[in-house]
Every structure is written in structure tokens, then in C-alpha cells.
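Shown next, in C-alpha cells, is the structure this report addresses.
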Amino acid sequence: MLATYEQLYSHYGRQHWWPAETAFEIMVGAILTQNTAWTNVEQAIVNLKQHGMLDAQRLLRAPDVRLGDWLRPSGYFNLKARRLKNFCRWYTENGGYEALNRLETNELRHELFSVNGVGPETADDILLYAFNRPVFVIDAYTRRIFTRLGIVDNGLSYEALRSLFEQSLYRSLSQRNKSGRIHQARLVRIFNEYHALIVMHGKDICRPRPLCQNCCLTQRCKRYKISI
DNA sequence: ACCCAGGGTCATA
DNA sequence: TATGACCATGGG
């Protein structure tokens, strides 16, 4: 795991994720980017910004039709308008960032799941990138890339994969330290960068079809020199 | 024209 | 519990 991270990093460099100015913008982006290209999400966020709508209370006040109109470029706009409001309702009712940030990671994760429209990946995006919690985000690219590399089995559950990455990276990193321990902030930085690199690599070359007869990954990535 | 994207929910078997 | 339908825009 760690070796793959280092190869990706040396090839693509730092990714500077999550691209946003505030924690709330990250959370909004996490919902809007569900099964959607980020370039589409950007325009929707610009729309929200232009109307001063990067704010939970104002979003809740906005008429559904207006909100849908701003979200249109990000696709599934009716659905996402509803999900965004569900999230904002939860966010305000639970006292906003400061209050939520006092919760333990697992508690906060459980709370996030109570929002209709927030599933495991969206919750983990929010935990990692908005709340700086050491949670590894699993997405379609992660599955595809590491399955093709032969590192993980097909059909593992989201939680199984997440645990695998978290445990494996934790062990490798703490072994590398003399003290045998590792600061949470360092774990967060690695998880942050790693997920971003996986997405970058996935967008770059790891498509679903054609099944990469010549896929850089199954070939141990001659092109990008990525191996296990 | 076709494929794909930084998923999640719900109804059905 | 495991599939399938559905959500929708925009870029390659």
C-alpha cells in the first residue's frame, strides 16, 4: 500500500486536496460530486458562491427550484437539491462545525449516515477533508485500481476495504518511526494525499472499459512504473 | 453516437 | 443480501 502511494506521489506530485476555501464548501462539494465529474461540480459551486449560498441557513431558505437551477451543471440536480438540504438541516440542528467537531470520529461518522443522501464515501470525504479525521476514503477508482493490481480481492465491502487501507498504512508508517507511534495529523495528511492520487491516476488511465488488456496496472504499469 | 464521471437510495426477488 | 432502476449534466 505504502509503496504504491510513494510511486503515485513521485509520479503525480502533491494534489492539494480538497479544492475549496472553507470546510462547508468541502462538504457541499462532497455531496455534489456523487457520481459526477468534478469539473461539473465546480460550476455549481461557482453559482452558489455568486449568490452567497455557501451557508447552511441560506441554503435551507432557498426555494427548491432556485437551488436546483444553481445545481443544474452538477447533474442529478433535483436529487442533489434535496440531499443538500437534508445535510444542511442536519448540520444546523447539530450546532454547526464547532459542535460537530467535538464528536469522536466514529460518532460523527454514524451521525453523518443518518442524513439521507450521505453514504459511506461522502461521509468519509467529509470526515477526512472537512474534519481532518484519519479516515481512508474508498471510491470506485480505489476498488478498480487495487483489484487490477491484485492487491485486494473482488467484492470486498466498503468497510473491509477501508479497514484494510487504514490498518495497513498505519502499520507501515508506525514501523518506519523509531518510536513505533504515529501522529494522527500525519496519518490524515497521508490519507488526504493518497486518495487524491488514486483519483488522479484513475482519471488518467484506469477506465472501466475496455478492460485494459494493456492496462498499466495489470502490466505492473510499464508506463507509470507502478508496481505492488 | 457512445462512454464516463471524486454515489446513494429504493423497490423488488 | 443482491441485483436493477433511477437520478442528469457535460466533456472526451
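Source: prediction; values computed, not measured. Chain naming here is simple, since letters A, B, ... match the order of the sequence lines and numbering starts at 1 in each.
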Round to the nearest Å and state the distance from Asn116(A) atom CG to dG7(B) atom P. 18 Å

Quick one: label Gly119(A) by what it contacts on the DNA or RNA (base, sugar-phosphate, nothing), any heavy atom closer than 4.0 Å. sugar-phosphate

Polar side chain donor-acceptor pair, Arg109(A) to Asn106(A), under 3.5 angstrom: no

Between atom CD in Glu193(A) and atom C1' in dG6(B), what is the gap in whole Å? 15 Å

Under 4.0 Å, counting only non-hydrogen atoms across every strand here, what does Asp125(A) touch: a base, just sugar-phosphate, or nothing? nothing

For a quick check of understanding: with a heavy-atom distance under 4.0 Å over all strands, which category does Val118(A) fall into, base, sugar-phosphate or nothing? sugar-phosphate

Give a yes/no answer on whether the side chain of Asn40(A) brings an N or O atom under 4.0 Å of OP1 or OP2 in dA8(C). no

May I ask you to evaluate whether Arg144(A) reaches the phosphate of dA5(B), defined as a side-chain N or O under 4.0 Å from OP1 or OP2? yes

Can you tell me the base-pairing partner of dC7(C)? Count Watson-Crick or G-U wobble geometry only, both distances below 3.5 Å, and say none if there is no partner. dG7(B)

Between dG6(B) (C1') and Asp204(A) (CG): distance, integer Å: 15 Å

Rounded distance in Å - CD1 (Ile31(A)) to C1' (dG6(B)): 14 Å

When you compare the ring of Trp38(A) with the six-membered ring of dG6(B)'s base, are the centres less than 5.5 Å apart and the planes under 30° from each other? yes

What is the distance from NZ of Lys80(A) to P of dC6(C), rounded to the nearest Å? 18 Å

Rounded distance in Å - CZ (Arg82(A)) to P (dG8(B)): 16 Å

For Lys203(A), report the nucleic acid contact type (base, sugar-phosphate, nothing); a contact means any heavy atom under 4.0 Å. base

Over how many whole Å does the gap from Met200(A) atom CE to dG6(B) atom P extend? 10 Å

Determine the interatomic distance between C1' on dA1(B) and the same-named atom on dG11(C); round to the nearest Å. 14 Å

Think Arg207(A) has a side-chain N or O under 4.0 angstrom from the OP1 or OP2 of dC4(B)? no

Under 6.0 Å from the NE2 atom of His51(A), do we count more than 12 heavy atoms belonging to anything else shown? yes

From the list dG11(C), dG7(B), dG6(B), which nucleotide is the closest neighbour of the side chain of Thr39(A)? dG11(C)

Cut-off 3.5 Å, side chains only: do Asn35(A) and Tyr76(A) have a donor facing an acceptor? yes

Is Thr122(A) touching bases, backbone alone, or none of the nucleic acid, heavy atoms closer than 4.0 Å? sugar-phosphate

Residues pairing under side chain to side chain donor-acceptor pair (under 3.5 Å) where one sits in residues 177-199 of chain A, two or more places apart or in two chains, turn out to be none

Going by heavy atoms in the side chains, are Asp125(A) and Trp18(A) under 4.5 Å from each other? yes

Listed nucleotide nearest any side-chain atom of Trp18(A), set dG6(B), dG7(B), dT9(C): dG6(B)

Centroid distance below 5.5 Å plus an interplanar angle below 30 degrees: do Tyr76(A) and dG8(B) meet both conditions? no

Would you say Asn78(A) and Arg83(A) are linked by a side-chain donor-acceptor pair, where the criterion is simply a distance under 3.5 Å? no

Specify the separation, in whole Å, of atom CD of Glu42(A) and atom P of dG11(C). 11 Å

